[in-house]
Each structure stands twice: as C-alpha cells, then as structure tokens.
Amino acid sequence: METPKIYQSLCAISKEIGAIGKDRKNMQQGFMFRGIDQVMNSLHPLLAEHGVIIVPEIIESHREERQTKSGGNLIYTVHTVKYHFTAMDGSEVCATVIGEGMDSADKSSNKAMAVAFKYACLQIFCIPTEEMAKDDPDGYAPDESRPTDEQLRDYIDHCDTLEDFRTLQQAWGSFIKTDQQLSAYANGRYAEIKRGGRP
C-alpha cells in the first residue's frame, strides 16, 4: 500500500523550513519579535513546492463583549479551528487549535484566526525558534490571569490604529507597564501608529 502523499509532503516541509526566529525589529527600541506574516512568508513557497494546501474549518466559536476599565466595549472572540493540511492526492492531516482575539471594533475574529493559524503551523511543522528555552512552558509558569509575553506582543503587533492601542492599554496595560521589554515595544508600536504605520 502506497504511503499517503501528505505524510511525505509534511516531512519534506519540516525538513526544509528551518528556524523562524524573532527577526523583525522595532526600530525605536531595537526589540526583536516574530509574527504571523513571517510564518506565512516562510511556509508559502514550501507549501506550493510540495503541493500542500491548508483549509480552515471553524468547529466552535465563542464571542462576548467585555467592558474595559474606562467603560468602553471590548469584543473578545475564541475560535476552535480545525486546519486540513491536504496533499495533491487528496490525503490529509488535520490539526485542531484554539485562537483568541480581542478588538474594540470588528477585527477580533480575524485576530483569533491569525493566532490559531500561526500556532497550528508552528506546532505541526515543529518549527524551532531562537528562544526555545523561553518558549518552553516547563521553563516559565505565567499567572493564569495574565497572557503570556508572546500573546501580549501579538496583541500589540495587531494594533493598527490609536483606538486599537487604547483598547489594548485598557485591557492589558497594567501587565505591559510592569515589563520593561513589553513596555518598550508598546511605546515603539505607539510611535509607529502615530506616524501612520510601520515603515
């Protein structure tokens, strides 16, 4: 019996992908980070070369409104997404992940999908990073009520307007201010937004 092509394709991609480090630089503070676009840019040519497509299927979705400390509304969305990694012969491997996103307008669902896709790819291809020790859950036990540093950086990175940034500060500002690196990164992102976006 011939081995389904999807297994061969995923193994080949995992072999060729290499590390995706935190190579993006905040020009104001010199802080290094990685985002969903780096994962997609690194994977796209390999997926095309090896004939693999990825199709998302939302299995469950939860959406609620939360009030910020200042009295504003914050839309919080949690998606359970099943990603179908399918090869040209129709064989597939599926990965089910959870993505969370928040926004003061209409982008919380998009952010939840972006987070889910990023971690599905990182985990199914076992993509190493430049900070494996820090990312290892056995090496860091965050407060249950506090997002991880990487989640906070993702939230900051998804701020596209000053309103987005104000919403983020209202929701997680107390955590960001107490971390020197996160605070420096947030200040740099705020400056970029005021200038009209990243260079």
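Along the sequence shown, residues are numbered consecutively beginning with 1. In this text, all values refer to a predicted model and were calculated from it rather than measured experimentally.
Taking Leu162 as the reference, Arg166, Tyr190, Ile193, Lys194 meet the side-chain contact (heavy atoms from CB on, under 4.5 Å) condition, with sequence neighbours excluded. Listed by chain and residue number, nothing satisfies the side-chain contact (heavy atoms from CB on, under 4.5 Å) test with Lys177 (two or more places apart in sequence, or in another chain). A search for side-chain hydrogen bond (donor to acceptor under 3.5 Å, both in side chains) contacts involving Ser91 returns Asp89, not counting sequence neighbours. Residues passing the side-chain hydrogen bond (donor to acceptor under 3.5 Å, both in side chains) test with Asn110: none are found, sequence neighbours excluded. Checked against salt bridge (Lys or Arg N to Asp or Glu O under 4.0 Å), Glu65 has no partners two or more places apart in sequence or in another chain. Taking Glu60 as the reference, nothing meets the side-chain hydrogen bond (donor to acceptor under 3.5 Å, both in side chains) condition, with sequence neighbours excluded. Listed by chain and residue number, nothing satisfies the side-chain contact (heavy atoms from CB on, under 4.5 Å) test with Met88 (two or more places apart in sequence, or in another chain). Residues that satisfy the side-chain contact (heavy atoms from CB on, under 4.5 Å) test with Gln123, not counting sequence neighbours, are Tyr119.
Atom-to-atom distance recorded for Ser61:OG and Met113:CE is 9.5 Å, nearest 0.5 angstrom. Interatomic distance, Cys11 SG to His50 NE2, rounded to the nearest 0.5 Å: 11.0 Å.
Residue pairs meeting the side chain to side chain donor-acceptor pair (under 3.5 Å) criterion with at least one member in residues 4-14: none, sequence neighbours excluded. Residue pairs meeting the ring pair (Phe, Tyr, Trp, His ring centres under 6.0 Å) criterion with at least one member in residues 85-106, sequence neighbours excluded, are Phe85-Phe125. Here salt bridge (Lys or Arg N to Asp or Glu O under 4.0 Å) pairs that include residues 90-103, with residues two or more places apart or in two chains, are Asp103-Lys111.
Ile75 and Ile98 fall into different hydrophobic clusters, where Ile, Leu, Val, Met, Phe, Trp and Tyr residues are linked whenever their side-chain heavy atoms come under 4.5 Å apart, directly or through other members.
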Next item on the list: Could you walk me through whether Ile176 and Ile156 pass side chain to side chain contact (heavy atoms under 4.5 Å, CB included), step by step?
Entry: CA-CA 10 Å; Ile176 294 172; Ile156 294 169; 4.1 Å; yes
Next item on the list: Evaluate the side chain to side chain contact (heavy atoms under 4.5 Å, CB included) criterion for residues Phe117 and Val97: first the C-alpha distance (whole Å), next the side-chain angles of each, then the deciding distance (0.1 Å), finally the verdict.
Entry: CA-CA 8 Å; Phe117 181 73; Val97 296; over 6 Å; no
Margin query: side chain to side chain contact (heavy atoms under 4.5 Å, CB included) for Glu150 and Lys118? Distances and angles first, verdict last.
Written below: CA-CA 12 Å; Glu150 185 160 353; Lys118 172 182 173 180; 3.4 Å; yes
Next item on the list: Apply side chain to side chain contact (heavy atoms under 4.5 Å, CB included) to the pair Thr96 and Val81, showing each step before the final yes or no.
Entry: CA-CA 6 Å; Thr96 303; Val81 189; over 6 Å; no
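Closest approach of Arg153 and Tyr185 over heavy atoms only: O-CE2, 3.8 Å. Of all heavy-atom pairs between Ile127 and Cys121, the closest is CD1-O, 3.7 Å. Here the closest heavy-atom approach between residue Ile124 and residue Ala95 is recorded as CD1-CB, 4.2 Å.
The closest side-chain heavy-atom distance from Glu57 to Tyr83 is not below 4.5 Å. With a 4.5 Å cut-off on side-chain heavy atoms, Val52 and Thr86 do not count as touching. Side-chain atoms of Arg63 and Tyr76, non-hydrogen and from C-beta on, never get closer than 4.5 Å to each other. Counting heavy atoms from C-beta outward, Leu46 and Ile17 have side chains that approach closer than 4.5 Å. Counting heavy atoms from C-beta on, the side chains of Ser109 and His79 come closer than 4.5 Å.
Side chains of His62 and Thr77: no donor on one and acceptor on the other come within 3.5 Å.
When hydrophobic side chains of Ile, Leu, Val, Met, Phe, Trp and Tyr are connected at separations under 4.5 Å, Ile53 ends up clustered with Val55.
Summarising the local packing, CD of Glu64 is surrounded by more than 12 heavy atoms from other residues, nucleotides or ligands at distances under 6.0 Å.
In this structure, the side chain of Ser42 does not engage the main chain of Val39 through any donor-acceptor pair within 3.5 Å. Panel note: side chain His44, backbone Met40; no donor-acceptor pair is recorded below 3.5 Å. Under a 3.5 Å cut-off, the side chain of Arg189 and the backbone N or O of Cys159 do form a donor-acceptor pair.
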